Amino acid sequence: MARPVLAVRHLSVDFRTLRGRVHALRDVSLEVPPNKIVGVLGESGCGKSTLINAVTGLLANNAEITRGEVIFEQADLAKLSERELLKVRGEKISMVFQDPMTAQNPVISVGRQMTDTLYRHRKLSAGEKRKLATGMFRKVGISDPEERMDQFPHEFSGGMRQRISIAMALMMNPDLFIADEPTTALDVTMEAQFIHLLRELQADIGCAVLFISHNLGLIAELCDEVVVMYAGEVVEKGPLAEIFFNPCHHYTRRLIECDPSRVLDRSAVLPTIPGRLPNLTRLPAGCIFRSRCGHAIAECATKSPPLLAVSETHSVACFNHASLIERPAGGRAPRLKSNASENPVLEVDGVHVRYPTGGLIRRLLRPDAPRHMDAVIDVGLKVAEGQTFGLAGESGSGKSSLGRAIMGLTPAKDGSIRFKGDEIRGLPPREFKRYRRAMAMMFQDPVASLSPRQKVRRLVMEPFEIHGADGRDLNREAENLFQMVGLSREFFDRYAHELSGGQARRVGVARALALRPALIIADEPTAGLDVSVQGEILNLLRELQRELGLTYIVISHNLPVLRHVSDRVGIMYLGRIVEQGPTDRIFSRPAHPYTRALLDGIPRPDPSMRRKLESIEGEIPSITNRPPGCEFHPRCPIASDLCRAVPPAATELNQDHVVHCHNPLQGA
Amino acid sequence: MLNYALQRIGLAIVIVFLVVFALFVMIHFIPGDPVAIALGPRATPEIEARFVAKMRLDEPLYMQFFAFLGGVLQGDLGNDIFSERPVLTILFEALPYTVILATAAMAWSAALGIFLGCFSAARPNSLIDRITGVVSIGTITVPSFVVSIYMLIVFAVFLKWLPVIGAGEPGNFWDQARHLILPAFAVGLGWVGYVARMVRASMLEVIGENHIRAARSFGLPHRVVVYRYALKVAILPTITLLGIGFGNLLSGAVFAEIIFSRPGIGKLIFDMVMTRNFPVVQGGVLVTAILYVATTLTADLLAAAMDPRIRKSL
Amino acid sequence: MTHSKQGLSRRGFVAGAIAAGPVLATLPNATIVRAQGKTILNARLQRDITVLDPGYMVGGTEIAVQYAVMPRLAHVVNESGTFTWAPSEYMAALSQDDPTHISFELKTGFMWTNGYGEFTAEDVKYSLDRMLVSDWKDKWLALDRVELSGPYSGTIVLKHPSPAIWLTTITAGAGNLVCKAATEDAGGQYTTEIPATCGPYVIAEWTPKQRLVFTRNPDWPGPMPDFDEVRYILVDDDTAAELAYEAGEVDITRVAVSSLPRYTQNPPPDTNVTVAGHLQYAWLGMNTEHPKLQNEKVRQAIQHAVDVDSIIQAAYFDNAPRSFGIVPPGVFGSRSQASFGYDPAKARELMAESGVSGLELELKTLNQQARIVSAQIIQANLADIGIATKIIPLDSGPFWSLGRESKGDEWMDAQIWIMRFGGALDPLDYFQWFTSEQVGNWNWERWTSEEFDEIYQKLATETDDARRLEMISRLQEIMDESAGYVWLQHEPEAFIHRSSLNPVIVPTGEYDFRRFTAA
Amino acid sequence: MTDRFEPAGESAFSEDRKPAATLRMVLRTPQGVIGVTIVAVFLLSALFAPAIAPYDPFQINIPDRLQAPSLNHLLGTDQLGRDTFSRILYGGRIAVQLAGIAVGLSLAIGLVLGMIAGYGPRWFDNLMLLLFDTIRSFPTIVMAMAVVSLTGPSLEMVMAIFVINAVPGFGRIARTQTLALRNTEFILAEHSLGASTALILRRHIMPNVVGPLLILAAMDVPVVITVEAGLSFLGLGVLPPTPSWGSLLNEGFRILRDTPWPVIAGGLPLIITTLGFTFLGESLRDVFDPKLRKEP
């Protein structure tokens, strides 16, 4: 094996914080061989970001490298002066960060930012620098690079901005390229495009890549080797196939099992990893994963396991891994039954949601500018009692607006929304309040959707305060609710920020359940949660549905999650439901090219299922600037002239499978 | 941008209107009589009545207000009640001195404040940062009249480097500049602290942002990152602050104007309220309100113009 | 130059003990500012000018400007410590022929500027006639008419004898004369621009809020003044003015009383202190009609309770003569003893006699440092005799409306206050605000005495010194007896200036630039 | 967030916002320690002024006037022979009152107006913005003079002038914060439960808005005292013989050429207290939210 481009050896990093010393990295070792893509896999808090900051010398002031070295080109980066590091950064090592929207300076033109990175090359004239930059722009797929060079970052979309980030990072032909969760903020179709681009460029430039992600699918899709991190330690590392097909650490194995896209059986209970990350200021003795492991032996409690070689290239930090190797990964999960009936709880028909744009003066100045934008157009759906309707779509597709319109939080312009037969659209707030008892909504961010300065008990009991307790014993009620969502009494006096994402989500569920509603609208119930926790929440929701006969509308961009929980699925694009039907049918035989593209965009946590091509081109147009005809036609691979001119009507294929497409895909 | 500017200008007009109206209401209630103040026991009811009529104080409030507005529309702000000189003339005699003082004070304090703020923010919590912090706060706290008088004692009386009083020989640039140094120093000193604190705070915030990390990850040197990349973003709220500061100084440099005997508009208004010379007060408040609104507006527009995010979208 | 002064008209008074130096004294030599071969005097202007028309002026600095450029009949002189009047340089003759007739004869050759011709008796008549309808007509109440006997001569006819008219009117600001033709051209009155002047100086420049510059009048026939240029530079603040003096930017400035000790004990090099006079009189006034103060014993108790010496020491740094009545030292009839004094024991006794207890009073004063210090001492003194006092500082607007019925109902609430008036060199000037007629206008104490009114009427026309003295004493006694006053102090008009400068400052505090000399 | 490390599951707001915990966090930096110490000394000395003060601050003693510092009079005496040190101690009480009432009132009014502006109907928001801007555009001096002319100078008037001028600052921040909160998920969640506007404002918005305002308030405390000094300079300050720091400074200023002590003695506590409150304010800001900026 060639000498690695980067070798991290026994690296330990501490942070001095107001709460004490946080041991963020402990004895981390890894190598990045030339021309290879090494993936670092781990959930939040595992120390991935600290690792790359330590490698690039961008650690915060309160961080301290207590041990170890970072060898890059025979030099220890950890010991270099800032001046020497500057030379390495940018020229030899470059990075792309998670959030493309904040990664560029908002007040300096992108071209200027590009050429600034070439400041060390005094020989180059400004014109030559610019030429290099435009060349790079073209390479990352930005059209009209000459013109767009002078634009400012905010004039680019998220996907484009991430491309610019890559362009800037690769300007100097670095030896090592580090990507820190580069696609987390992107939509599925954008993510697919980005991964494709990254692979191409890597092959082209031939640099080594350190790819950091929590997403198993992406790692499987892209990497050659994988390092699995947990709570600041490397728990397992090895070639991609070894890790995915023969995971030796219990954490790795469970992580892979948890991924909903792996569990194809819709009715199965998702596997989870119970427990929480340990507190890194006061490390437990022994193995860091012991409390959540379930396979711990006596040794695990006293000694911290070192990385042991399983094979030549594969090593694992576990005393009890031998037992693992014998068992095949992924057992049979228990099953849940759904008890859906045919009575519709909610009927939505022809609903529009429209937001006004601009003020009075803007209207006077530009009378022809659009005065509003349509977030939801002509949407109809029906949810039967006990059923789950999944609403899928990328950001800006109008799925949250639809949810809020149903809840009466956003006025719906026309159409009708009937709850158990009663028209609830356009009811004044006073009258709508009656229905709020029977309908509840869960919001995207589990922590941020809880009022930050109220104790959890009060939050959960608030619905009773608003709607009246009807003589119920509130203490009993509180305990009941907490029990139902699986939280113990000790959480009563906590504040939202003292909860983990999963716990906060459970509180959200308890709040929604308090008044025993018939319908719950869950907006991205798994967003912001680690894979291991997602399963817990989804299982809980399913369980409650079975016990209480709840009806759900689940809104999510995460198709594997929807496949798991939904009986029916609707796919939204630019405010319209372009296709809806039974979940199995949609997922197995999508009729709309967009649905197909979304499904293709799901990265599979299976190295053997790597995609070859990116599915669709382009980006979602702005809803204020809708294309004529079928609004999907600019991105559609099979668009015809008809599509470009005439909006498609609804076509019922069979079994309630409805699609808005002139040319539904074959086989549907 | 045009949309935003028009909106702000419309609002500015309403604000000036309200300010002047509020002033009229105040004048209506303020006790005291210009003649009695000027002449003491020599004031006879007869003379007093004449002056009341001169200032239209015997008319209903709304009549006074509309009469004033009518005058404003014709470019007539009335006359000083004693000297009968046009208020507009009196204001334009004082205005240049105030504007020059405010400009000089804000210019030096902004330059130094921005530098200190960046300097501190680049080394947060270092000894230098702390010293700068204490000094900044010190400059904010010490009342400007105390600063002024000490400056006078040291630089004018003991060292005799700089003149004590007045604004300098009319028309003599260097003499005027020499006379400007001490007051500009005294007035600007407090703002050094304000600006430095403000710049430091916004710099720290900006330095924590992702794009700065990105810039550093591309190996840009510290100097470029701090003074070009970070400052360009962090300066935006400071511009607004400077606009407000400049606006405040137009009527708020009273202390310096009294002690340095500078003929500024702040002191003019102060004197004129003291002597109940209301036509001059009305004109002065109108002009300072217009200038205040105009400078803050300019600062906001400037900040908007410097921020491509706002520039294009507005 | 004929200098005719008759015994009757020699209304000179002994100038009182002046702390720091006599006015018009000849002072030791030092240098004065000389630039480009010119002798320049820089004087501090305390307040910017607004109206220079003697009929409608505010006073103070405006009078000083008029003194420099306008003609007048007579000016004040100090003859061996006594203030009296002397004919001005425009006069060939000026005399009081009898108690109601003053004859004058002008010299020829004094030309008005701006081509308005010669200064004539017609101008005198016009000037005095218009004073009768001006804002300053109260000063000329005794004037009946002016009779002209030739182009340069005439007689001023008074309605009744008025010995006070010389020092309070003819030599004062209201005695400055204007050019008939020019004033009529300007519409009968003017403000900041004098249409025509006739004096040794002309106004060369006025930069509002900054300075006023005089230069020599090239057409002046008389002896040229000592300075080529006088710059009258505006400095409002006393502290700033002192610094400006010390930095050499002004050569003469009025100083705050509180600074006097510093300048007398430890003056800057080549500096003299001059006190022009003490014509201000201050008192603690009491509203004799106020329910809380109707009891005369209470008011008498207050008269005995106030420690005036402490006030003078703390607020005036021992630089103001104590007051024993409204007639200040240096003015005819000034007393050296009042009928009451600081006696806390007696004050307590009087309080006990009054039967009043738990009295709470509001003490109102102008918002100035010295007065507020005084008020705090009075507050402490009154606390000693069981009167709780709340000090209410007011700015000049509400303060000057305090006891006046024409300004609303505030006068009913006025209880006690610190007041200061300024007067001229004649005692008559001092009593005019305290007659029954003035109740509700400037007699805020609101007491009335027919005897007082009667004597005041007689005093205006009385010419015999002995009887005048008797009347003045009685008037002050009546004021003491009203128990509406506690006499405080007479603040000095004090100036510092270069030793090489001989300033002439009238006792009311105005510079007479034309008579300034440089050694 | 490269500045600090955040252990999993905890946000930047971590630990809790209970006062005791906040204090602990503040006390972890030298700046915080200095700030808390100074503010504590300030409050205690004000509280116990009668016990600490060696003299009656109102006792006039003409023979001892204008003394330089000595063992008898630690900071000398003033024009009336009163002990400057005692007057400063009592002045601290005035400052506490001024700060407490004036800043507290500004905060309360600003909070209510700002919250309603941010959450209520658009027209009210515009009206408030207009009102705030109008107050800002109005020359403070004229306003102060008008107010004082009407009623005479007093502590209450100084407070009133400060409150009028400070409310827009608090109001704007409260409004901005409320606007930001208005569209957060937890407020939306409250809506979806059918919570009334009053409940949302009182329970869910106010506790989140008040934090930043408290920081501004801490930083405004010294401003009140400087405002008072400035107004005293113009003769618009408090009633004599009240020993406020501003009037001490002003009285000292008038006799500065005779003795510098009153100005130094009057100015020092002001500067030190300002430092204390500013340090405390900035520490609080660091604890609560590094993003908050003080609006001038």
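Chain identifiers are assigned alphabetically (A, B, ...) following the order of the sequence lines, protein sequences preceding nucleic acid strands; residue numbering begins at 1 within each chain. Keep in mind it's a predicted model, so treat the numbers as computed, not measured.
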When [options] are compared by non-hydrogen pairs under 4.5 Å with chain B, the top option:
options: C:Lys407, C:Met57, C:Glu246; answer: C:Lys407
options: C:Asp48, C:Leu52, C:Val58, C:Thr207; answer: C:Val58
options: C:Pro208, C:Pro268, C:Gly408; answer: C:Pro208
options: C:Asp237, C:Leu243, C:Val250; answer: C:Leu243
options: C:Tyr56, C:Phe421, C:Trp136; answer: C:Trp136

Of the non-hydrogen atoms in [X] and [Y], which two are nearest, and what is the gap between them?
X: C:Asn441; Y: B:Pro45; answer: ND2-CD, 4.3 Å
X: C:Asp135; Y: B:Arg42; answer: O-NH2, 3.4 Å
X: C:Thr50; Y: B:Phe82; answer: CB-CB, 3.8 Å
X: B:Pro41; Y: C:Trp400; answer: CD-CZ3, 4.0 Å
X: B:Ile165; Y: C:Ala240; answer: CG2-O, 4.4 Å
X: C:Trp442; Y: B:Ala43; answer: NE1-O, 3.2 Å

Interface moiety of B:Leu39 toward chain C, non-hydrogen atoms closer than 4.5 Å: side chain
Using non-hydrogen atoms and a 4.5 Å limit, figure out which bit of B:Ile81 sits close to chain C: side chain, backbone, both or neither. neither
Where on [X] is there a heavy atom nearer than 4.5 Å to chain B: the side chain, the backbone, both, or neither?
X: C:Ile233; answer: side chain
X: C:Ser396; answer: both
X: C:Arg47; answer: neither
X: C:Ser401; answer: side chain

Around [X], counting heavy atoms of other residues, nucleotides and ligands shown, do more than 12 lie under 6.0 Å from its [atom1]?
X: C:Glu205; atom1: CD; answer: yes
X: B:Phe24; atom1: CZ; answer: yes
X: C:Glu193; atom1: CD; answer: no
X: B:Arg85; atom1: CZ; answer: yes

Should the pair [X]-[Y] be classified as a salt bridge under the 4.0 Å nitrogen-to-oxygen rule?
X: C:Asp395; Y: B:Arg276; answer: yes
X: C:Lys137; Y: B:Glu46; answer: yes
X: B:Asp33; Y: C:Arg404; answer: no

How about C:Lys209 and B:Tyr97: do any of their side-chain heavy atoms sit closer than 4.5 Å? no
Side chains of C:Ser406 and B:Glu48: closer than 4.5 Å at any heavy-atom pair? yes
Within the side chain of B:Glu84, is there an N or O that forms a donor-acceptor pair under 3.5 Å with the backbone of C:Thr191? no
Expected output: side-chain B:Ser261 to main-chain C:Val235 donor-acceptor under 3.5 Å: no
